[in-house]
Amino acid sequence: MPPPVAAGMEQPPALEMASLAEKYRPYFAVGAAVDPQAFDTHGKLLKTHFNSITTENAMKFESLQPTEGQFDFGRADAMVSSAKAQNMKVRGHALVWHRQTPDWVFVDAEGKPASKQLLRGRLESHISQVVEHFKGSVYAWDVVNEAIVNDGTYRSDQEKEDIDKSRWHGIMGKSYIAAAFRLAHAIDPQAKLFYNDYYNYIPEKRQAIYRMLKSLLADGVPVHGVGLQAHLSIHSSPEPTHHGHFQTMGNLESAIELYVSLGLEVQVTELDVSVYLPGVKYAPEQYFTTESFGAKLREEQAKRYGELFALLRKHHRAITGVTFWGIADDNTWLSEFDSKRTDFPLLFDKQHRPKAAFQAVMGF
Ligand code: XIL
């Protein structure tokens with residue numbers, strides 16, 4: 001591995017660097033989540049370093065069908081056509097999720113909770129129309145996103161916070177999961193169908209996901225892969241308040257091996273490495289800035305990225321894609337919620353220059 005590059009040191013512009021996607025061609029596709037502007041604002045980075053995209057929000061339920069029966073494919077189509085023009089693959093994200101799904105989906109004409117049949121019909125109509133529309137363009141779908149919570153139980157409508165509740169489960173029970181995979185497969189038998197979730201490093205959670213997938217497969221449900229979101233932190237040992245579990249490479253490897261033992265492929269679908277500890281509240285004066293995200297932290301981040309990619313290369317036969325949740329640090333969802341709580345989770349900085357983390361991922 002080349003020595004890490006210190007903060008502020010002159011670095012050649014990203015375009016003169018070797019290509020990330022080319023370097024990883026023997027291993028897996030390298031993707032990035034994109035917003036509708038990304039091909040303009042981050043066009044050069046996208047073209048040079050990535051050969052796959054996921055639309056960050058544009059294929060979510062609320063974006064595609066904000067009102068019942070009225071589909072709006074415009075933004076997603078534009079990104080798909082930019083990707084195609086550059087020979088990039090497209091992942092679809094996500095058909096069924098408890099978030100970013102409009103309220104109308106879950107209520108009937110009188111405003112009462114939808115019946116199981118009504119919801120099942122809406123699931124069917126959404127999946128059929130969306131998968132049909134992108135057939136031949138989207139090679140892999142996150143069919144169901146985040147159906148299991150951290151303690152290993154099914155996400156239900158009983159979760160503490162409203163934002164965490166699943167009305168899909170509340171109305172249909174876990175039957176929505178198998179139904180979604182079967183519907184998607186019936187429409188596009190070529191598409192690879194993924195179950196996608198976060199915190200796979202928590203043992204109870206990955207065991208529960210494993211049991212769920214095993215039983216789906218035993219019932220003949222067409223599931224082809226598991227997506228590991230991989231919203232990680234620089235720190236591998238979060239405070240015990242954070243579920244008491246560690247984001248170690250060992251825990252991630254156990255998750256990969258468990259899913260692979262079912263004959264499934266694995267993708268990393270939403271990678272970023274935050275400078276903050278997950279689940280920990282920081283006071284505004286503790287927020288990192290471009291200045292305080294200094295050499296030491298950059299090197300820690302580089303080390304973490306380096307270890308992760310070594311693990312991913314080791315398992316490259318099972319891993320078919322690794323997608324970053326963003327392109328450069330000027331455009332990350334982690335800085336979206338509170339504009340002052342800036343995060344620096346990606347391989348390229350706000351000026352689109354490669355960071356130490358980029359060197360670590362390339363240096364093998
Ligand atoms: C995030 C987007 O990046 C944000 O722009 C949006 O405001 C919220 O959703 N897990 C997922 C992604 O599966 O869809 C989420 O994307 C990040 C967490």
Side-chain angles (χ1 to χ4, degrees), residues 33 35-36 54-77 79-80 91-135 138 140-149 153-188 191 193-198 212 216 221-223 227 229 269-270 333 336-337:
D35 62 26
T54 304
T55 59
E56 184 174 7
N57 290 300
M59 291 190 196
K60 290 176 181 171
F61 204 126
E62 67 177 11
S63 306
L64 293 180
Q65 199 186 172
T67 308
E68 182 156 28
Q70 302 193 353
F71 287 83
D72 178 1
F73 292 113
R75 269 164 308 178
D77 282 347
M79 288 182 263
V80 168
R91 296 191 86 255
H93 172 84
L95 295 172
V96 187
W97 192 22
H98 63 288
R99 293 198 181 169
Q100 292 180 275
T101 305
D103 282 335
W104 67 257
V105 174
F106 304 105
V107 293
D108 66 15
E110 284 147 30
K112 295 207 207 70
S115 67
K116 196 170 170 176
Q117 293 85 319
L118 181 59
L119 186 57
R120 156 86 211 200
R122 285 172 175 164
L123 179 77
E124 175 159 8
S125 122
H126 185 77
I127 292 183
S128 323
Q129 305 207 43
V130 170
V131 175
E132 182 66 44
H133 181 85
F134 293 107
K135 198 170 170 174
V138 163
W141 277 104
D142 290 332
V143 177
V144 173
N145 198 23
E146 305 181 348
I148 302 281
V149 294
T153 56
Y154 280 87
R155 181 184 300 282
S156 72
D157 59 356
Q158 302 299 308
E159 309 307 323
K160 267 195 230 104
E161 308 285 338
D162 276 352
I163 189 165
D164 292 327
K165 294 182 176 161
S166 171
R167 287 182 280 176
W168 292 108
H169 186 280
I171 296 170
M172 292 182 68
K174 64 179 180 177
S175 73
Y176 79 94
I177 300 170
F181 280 97
R182 290 191 202 275
L183 289 164
H185 186 67
I187 302 292
D188 186 356
L193 305 184
F194 281 77
Y195 174 72
N196 194 51
D197 215 326
Y198 58 91
M212 173 186 75
L216 289 170
V221 177
V223 183
Q229 291 190 4
T269 52
E270 305 182 17
W333 75 300
E336 226 172 62
F337 301 109

Those residues at least two apart in sequence (or on a different chain) that pass side-chain contact (heavy atoms from CB on, under 4.5 Å) with Ser115 are Gln117, Leu118

Taking only residues two or more places apart in sequence, or in another chain, which ones meet Asp72 in a side-chain contact (heavy atoms from CB on, under 4.5 Å)? Arg75

I would like to know whether Arg91 and Val138 meet side chain to side chain contact (heavy atoms under 4.5 Å, CB included); could you show each step before the answer? CA-CA 6 Å; Arg91 296 191 86 255; Val138 163; 6.0 Å; no

Report yes if the side chains of [X] and [Y] come closer than 4.5 Å at any heavy-atom pair, otherwise no.
X: Phe194; Y: Val223; answer: no
X: Ile177; Y: Leu216; answer: yes
X: Glu270; Y: Tyr198; answer: no
X: Ile127; Y: Val96; answer: yes
X: Tyr195; Y: Val143; answer: no
X: Ser166; Y: Glu159; answer: no
X: Phe134; Y: Asp188; answer: no

Step through the shown structure and confirm whether more than 12 heavy atoms of other residues, nucleotides or ligands are within 6.0 Å of NZ on Lys135. yes

Does Lys165 NZ have over 12 foreign heavy atoms under 6.0 Å away? yes

Using atom types as modelled and distance alone, determine if a side-chain donor or acceptor of [X] lies under 3.5 Å from a backbone N or O of [Y].
X: Arg155; Y: Asp164; value: yes
X: Asp108; Y: Gly111; value: yes
X: Arg122; Y: Val105; value: yes
X: Thr101; Y: His98; value: no
X: Arg99; Y: Ile163; value: yes

Could you give the distance from [atom1] ([X]) to [atom2] ([Y]), rounded to the nearest 0.5 Å?
X: Gln229; Y: Asn196; atom1: CD; atom2: CG; answer: 5.0 Å
X: Leu193; Y: Phe181; atom1: CG; atom2: CZ; answer: 6.5 Å
X: Leu119; Y: Trp168; atom1: CG; atom2: CH2; answer: 5.0 Å
X: Leu123; Y: Lys116; atom1: CG; atom2: NZ; answer: 12.0 Å

Please give me the minimum heavy-atom distance between Trp141 and Ala191, naming the atom from each residue. CD1-CB, 4.2 Å

Aromatic rings His169 and Tyr176: how do their planes relate, parallel, tilted or perpendicular, breaks at 30° and 60°? perpendicular

Parallel under 30°, tilted from 30 to 60°, perpendicular over 60°: which one fits the rings of Trp97 and His93? tilted

Could you check Asp142 against Thr269 for side chain to side chain contact (heavy atoms under 4.5 Å, CB included), going step by step and ending with a plain yes or no? CA-CA 9 Å; Asp142 290 332; Thr269 52; 4.3 Å; yes

Side chains of residues 59-66: which donor-acceptor partners sit under 3.5 Å, not counting sequence neighbours?
from	atom 1	to	atom 2	distance (Å)
Lys60	NZ	Glu56	O	3.2
Lys60	NZ	Asn57	OD1	2.8
Lys60	NZ	Gln100	OE1	2.8
Glu62	OE2	Gln100	NE2	3.2
Ser63	OG	Asn57	O	2.7
Gln65	OE1	Gly69	N	2.8
Gln65	NE2	His126	ND1	2.9

